[in-house]
Amino acid sequence: MSSICALSPSVRLEITKARLIDPLPLYHRSKCEMNRRSFTAKGIVASGVSVIESTLTAKPVQGVERLPYKPEGYNYWTWRGHKIHYVVQGEGSPVVLIHGFGASAFHWRYNIPELAKRHKVYAIDLLGFGWSDKAVIEYDALVWRDQVVDFLKDIVKEPAVLVGNSLGGFAALVAATGLPELVSGVALLNSAGQFSDANVKSKQQSEETPLLKFVVKPLKEIFQRIVLGILFWQSKQPARIESVLKSVYKNTANVDDYLVESITRPAADPNAGEVYYRLMTRFMMNQSKYTLDSVLSQLSCPLLLLWGDLDPWVGPAKAKKIKEFYPNTTLVNFQAGHCPHDEVPDAVNKALLEWLSTLTPQPQASLQTV
């Protein structure tokens, strides 16, 4: 298969849906939204297929302290029998940082040291990503919700602010509704998720026929596994990862060895390919199951939107719609792409710290009641 453009319209449509949650927009502007190169690059970003040798000699952003890169990771917590990686620094009211699709705690490299000057900062790797285990499970938004909720209970143990980029933003939202007693605020950076679409739901229901269920779906799964397997193994070139990153960082100065290796290194795990397949087919193509409006309608804490307006994928219109839907929202815009926290970290840190200072301290929650 030489190109995703050759896929059937129904399969292309489902793959296109994946763009709503990936933190690194990989779609080129052409008649076919995703060609082989972009889809392959998504594979490596999603799963971390290869391990590259790097001296990590690139200098950090001038005037901004950077989290030291550690190939072995920082701290580990066992959750449901799986090893979960996290970073913790500083003292004060807690802030929990949640990375986007394909990234890790190291994506907050320029935010952790600065935030830690005033807060106790945690950065967690979601299950299936980064230095956390590549568990072969059925991935679902509720898996990461439960992980974050239990992290708050077991590790943080006091009310915290959740901060998430892309997929991590949606995980932060669902966790906040799952444990409101221990979430005093949520900050989203170009968050994943979509608002409900009655037409899509109606179409999905009308398509559920015996032919689709027992013939088309099984054949499609076989086809997807073959295609995704080929693309997965083709996506090992680090140069492609750098190219993808540069397509979503409007200022590419921070696309360096540190960043590239932090995405590609979690590759040695033999389950990486299977996790990638499950994420691409069973999670990313069923995003309409959980919608932003359904989650926001359950939210009860202040919300901050830190939005990169130059994101070629999740533009400022989405931030505006979220603010309209949820009035208790503060919106700060940046001239940046999909990952403003890493592209313009000094500006994001300043805005986040200012907002954090306005939050009223929450009374200590009793863990016995949650």
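Computed from a predicted model, the values in this text were never measured in an experiment. All residue numbers refer to positions in the sequence shown, counting from 1.
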Checklist line | Candidate pair Y326 and V295, rule side-chain contact (heavy atoms from CB on, under 4.5 Å), full reasoning | finding: CA-CA 11 Å; Y326 191 77; V295 177; over 6 Å; no
Checklist line | Check: K318 side chain, G193 main-chain N or O, donor-acceptor pair, under 3.5 Å | finding: yes
Next item on the list: Spell out, as yes or no, whether a donor-acceptor pair under 3.5 Å connects the side chain of K323 to the backbone of T329.
Entry: yes
Margin query: Can you tell me which residue among D309, D311, N165 is in a side-chain hydrogen bond (donor to acceptor under 3.5 Å, both in side chains) with N190?
Written below: D311
Of all the heavy-atom pairs spanning [X] and [Y], show the shortest one and how long it is.
| X | Y | answer |
| --- | --- | --- |
| A187 | L352 | CB-CD1, 4.1 Å |
| A176 | L299 | CB-CD1, 3.7 Å |
| T358 | E354 | CG2-O, 3.3 Å |
| S184 | V161 | OG-CG2, 3.5 Å |
| Y290 | A141 | CD1-CB, 3.8 Å |
| A319 | W307 | CB-CD2, 3.4 Å |

Using a 3.5 Å cut-off and no angle test, enumerate the donor-acceptor pairs between side-chain atoms of residues 77-84 and protein atoms at least two apart in sequence or in another chain.
{"from": "W79", "atom 1": "NE1", "to": "D150", "atom 2": "OD2", "distance (Å)": "2.7"}
{"from": "R80", "atom 1": "NH2", "to": "D146", "atom 2": "OD2", "distance (Å)": "3.2"}

What distance separates [X] [atom1] from [Y] [atom2], expressed to the nearest 0.5 Å?
| X | Y | atom1 | atom2 | answer |
| --- | --- | --- | --- | --- |
| Y76 | D133 | OH | CG | 9.0 Å |
| R145 | L179 | CZ | CG | 10.0 Å |
| S191 | L306 | OG | CG | 11.5 Å |
| L292 | Q194 | CG | CD | 8.0 Å |
| N254 | D342 | CG | CG | 5.5 Å |
| S247 | E242 | OG | CD | 11.5 Å |

Margin query: Does this structure show an ion pair linking R66 with D256, if we count only N-O contacts that are shorter than 4.0 Å?
Written below: yes
Note to self: I'd like to know if E343 and K250 make a salt bridge, using a cut-off of under 4.0 Å between side-chain N and carboxylate O.
What the structure shows: no
Notebook entry, point to check: Should T330 and L303 be marked as a side-chain contact (heavy atoms from CB on, under 4.5 Å) after you check the CA-CA gap, both sets of side-chain angles, and the distance that decides it?
Noted result: CA-CA 6 Å; T330 300; L303 178 64; over 6 Å; no
Margin query: Are Y139 and V136 linked, directly or through intermediate hydrophobic residues, by side-chain heavy-atom contacts shorter than 4.5 Å (ILVMFWY only)?
Written below: no
Would you indicate whether the side-chain heavy atoms of [Y] and [X] approach each other to under 4.5 Å?
| X | Y | result |
| --- | --- | --- |
| I155 | V88 | no |
| D346 | Y110 | no |
| I124 | I98 | yes |
| L167 | L126 | yes |
| L152 | V96 | yes |
| V148 | L162 | yes |
| L296 | T291 | no |
| F101 | F170 | no |

Next item on the list: Give a yes or no on whether the ring-centroid distance for W108 and H341 is below 6.0 angstrom.
Entry: yes
Check: Does the gap between the ring centers of W131 and Y86 come in under 6.0 Å?
Finding: no
Margin query: Test side-chain hydrogen bond (donor to acceptor under 3.5 Å, both in side chains) on S297 and S294; report intermediate values, then the result.
Written below: CA-CA 5 Å; S297 64; S294 65; 5.9 Å; no
Item checked: Option from L189, N333, L310 for which side-chain contact (heavy atoms from CB on, under 4.5 Å) with P340 holds -> L189
Margin query: As a quick check of understanding, evaluate side-chain hydrogen bond (donor to acceptor under 3.5 Å, both in side chains) for S166 and H338, giving each step before the final call.
Written below: CA-CA 8 Å; S166 198; H338 192 71; 3.1 Å; yes
Checklist line | K321 to F325 six-membered ring, cation-pi geometry met (6.0 Å, 45°) | finding: no
Next item on the list: Could you pull out all residues at least two apart from N111 that satisfy side-chain hydrogen bond (donor to acceptor under 3.5 Å, both in side chains)?
Entry: N349
Note to self: Please verify the inter-ring angle class for F106 with Y258; under 30° counts as parallel, over 60° as perpendicular, anything in between as tilted.
What the structure shows: perpendicular
Distance-only donor-acceptor hits, side chain of residues 115-122, under 3.5 Å, sequence neighbours excluded:
{"from": "K117", "atom 1": "NZ", "to": "E114", "atom 2": "OE1", "distance (Å)": "3.0"}
{"from": "H119", "atom 1": "ND1", "to": "S93", "atom 2": "O", "distance (Å)": "3.1"}
{"from": "H119", "atom 1": "ND1", "to": "S93", "atom 2": "OG", "distance (Å)": "2.8"}

Checklist line | Steps toward side-chain contact (heavy atoms from CB on, under 4.5 Å) verdict (V332, L305) | finding: CA-CA 6 Å; V332 181; L305 303 180; over 6 Å; no
Next item on the list: Decide side-chain contact (heavy atoms from CB on, under 4.5 Å) for L173 and T177; before the verdict, give the C-alpha distance in whole Å, the side-chain angles of both, and the deciding distance to 0.1 Å.
Entry: CA-CA 7 Å; L173 282 176; T177 61; 5.9 Å; no
